[in-house]
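To start, the structure itself, in structure tokens.
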There are 2 protein chains.
Amino acid sequence: MKKITIGEASRQSGVKVPTIRYYEGIGLLSEPSRSEGNQRAYEPADISRLVFIRHARELGFEVDAIRTLLTLQDDPHQSCASADAIAKARLVDVEQRIRSLMALKVELEAMVEGCGHGRVDQCRVIEVLADHGQCAHAHHGLPALNIPAS
Amino acid sequence: MKKITIGEASRQSGVKVPTIRYYEGIGLLSEPSRSEGNQRAYEPADISRLVFIRHARELGFEVDAIRTLLTLQDDPHQSCASADAIAKARLVDVEQRIRSLMALKVELEAMVEGCGHGRVDQCRVIEVLADHGQCAHAHHGLPALNIPAS
DNA sequence: CCTACATCCTCTAGCGACTAGAGGTGCAAG
DNA sequence: CTTGCACCTCTAGTCGCTAGAGGATGTAGG
């Protein structure tokens, strides 16, 4: 029985220590056994689960989606239609997001390019912000979602 | 003196009523005068400011950046170097984000395509999540930022 | 003038996915 | 035996809103 401390689990999985505890709190990770001194003792399977979660988060899946994916993984006889649906939905979202960001990029480029580097009263950046009519008006507007910093 | 109610201001600017009050609370918007019955009474200049803010938020600028941009707008004799820098930083961020999302898209497509629509134990979606080694490993990882839904 | 009803007011709490810090305990090395 | 790091629990903060409670105001019709 190699018992893995939370710090070691963090190093092996790439998930930060407080985040591991957080995942336990919200039920993504089952409560591990404890040492004599009440410290969490993980097993290799827990590390795999953490890696799975981290990877899914990096791909932008929400915690709820990951919860579903994990239950699917735990029961390999089920149809993978749900997993497929979740991944497809995520793909659609990513595509939408890319489109929005491309539109933004165009506008920001125009703003930055138009800036004469003079005083504010000639600044295109400020001007465009003040008057939406001056946009390439590729009606931007991004869908919301937070994704971890890495 | 046409006094504008908060609801009318909301309609004219496209910023929701509670959001306007929120902006006042965090100091993006100065406190407007009040009617006899303590209701906020806005002026046309406030509407412009709200439109400015909304537009900047749509372009993904953070509230702090907007605060700076607003003080620049208020004092048109300043150099626009700061505005320029903020916009450029935002552009770099957007470009980074697009690159990350493109990498994601490639991986999600591979996952979805590889799914045989059978049972979970043959599902590429689950498999790839469990083992990062199977990625196109375009080392994804998105920078964080929340942007409004539209 | 009275009554509906929409709109306004303040205040607090909640969202998602963490992150930071306080204040205390466990454990391994010197 | 002490140092010092890693661990524990708990609460509160982050960002940019959004939702709801519980009450006051404003306006239009009867």
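Atom CD1 in A:Ile4 sits roughly 16 Å away from atom C1' in D:dC7 (whole-Å rounding). Spacing between atom CZ of B:Phe61 and atom C1' of D:dG16 amounts to 17 Å, rounded to whole angstrom units. For the pair A:Ile53 CD1 and C:dA17 P, the computed distance is 12 Å after rounding to whole Å. Remark: C1' of C:dC18 and CD of A:Glu58 are 15 Å apart, rounded to the nearest angstrom. Computed from coordinates, the B:Ile20 CD1 to D:dC17 P distance equals 12 Å when rounded to whole Å. Across the protein-nucleic acid pair, B:Tyr23 atom OH and D:dT18 atom P stand 8 Å apart, rounded to whole Å. C:dT10 atom P lies 7 Å from atom CD of B:Glu24, rounded to whole Å. For the pair A:Arg67 CZ and C:dG16 C1', the interatomic distance rounds to 12 Å; values are reported in whole Å.
For B:Arg57, counting side-chain heavy atoms from C-beta on, the closest listed nucleotide (D:dC17, D:dC7, C:dA17) is D:dC17. Counting only heavy atoms from C-beta on, B:Glu62 has its side chain closest to D:dG16 among D:dG16, D:dC7, C:dC8.
Between A:Lys16 and C:dT19 there is a side-chain polar atom (N or O) within less than 4.0 angstrom of OP1 or OP2. Distances shorter than 4.0 Å separate some side-chain N or O of B:Thr19 from OP1 or OP2 on D:dT18. A close approach under 4.0 Å does not occur between any side-chain nitrogen or oxygen of A:Tyr22 and OP1 or OP2 of C:dG16. Residue A:Thr5 has no polar side-chain atom (N or O) positioned under 4.0 Å from OP1 or OP2 of D:dA6.
Listed by first and then second residue, the salt bridge (Lys or Arg N to Asp or Glu O under 4.0 Å) pairs that reach into residues 63-76 of chain B are B:Arg49-B:Asp74, B:Asp64-B:Arg67, sequence neighbours excluded. Every pair passing salt bridge (Lys or Arg N to Asp or Glu O under 4.0 Å) that includes a residue from residues 16-31 of chain A is listed here, sequence neighbours excluded: A:Glu24-A:Arg40.
Side chains of A:Asp46 and A:Ile4 form no contact here, defined as non-hydrogen atoms less than 4.5 Å apart. Side-chain atoms of B:Ile53 and B:Leu70, non-hydrogen and from C-beta on, do get closer than 4.5 Å to each other. With contacts defined as side-chain heavy-atom distances shorter than 4.5 Å, the pair B:Leu91/B:Glu95 qualifies.
A heavy atom lying under 4.0 Å from DNA chain D marks the following residues of residues 27-42 of chain B, by number: B:Ser35, B:Gly37, B:Gln39.
The minimum heavy-atom distance between A:Glu62 and A:Arg57, with the atom names listed, is CA-NH1, 4.0 Å. In plain terms, the two heavy atoms of B:Val112 and A:Ala87 that are nearest each other are CG2-CB, 3.7 Å. The nearest pair of heavy atoms linking B:Leu50 to B:Ser13 is CB-CB, 3.6 Å. Closest non-hydrogen pair, A:Tyr42 versus A:Ala9, comes out as CD1-CB, 4.0 Å.
Taken together through direct or relayed side-chain contacts under 4.5 Å among Ile, Leu, Val, Met, Phe, Trp and Tyr, A:Val92 and A:Ile86 form parts of separate hydrophobic clusters. Residues B:Val15 and B:Ile26 fall within the same hydrophobic cluster, defined by Ile, Leu, Val, Met, Phe, Trp and Tyr side chains chained together at heavy-atom separations under 4.5 Å.
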Which atom pairs link the protein and nucleotides 1-4 of chain D when you take only N or O atoms and keep those under 3.5 Å?
none

Can you pull every protein N or O that's under 3.5 Å from an N or O on nucleotides 11-13 of chain C?
none

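Qualifying salt bridge (Lys or Arg N to Asp or Glu O under 4.0 Å) partners for A:Arg99, counting only residues two or more places apart in sequence or in other chains: none.
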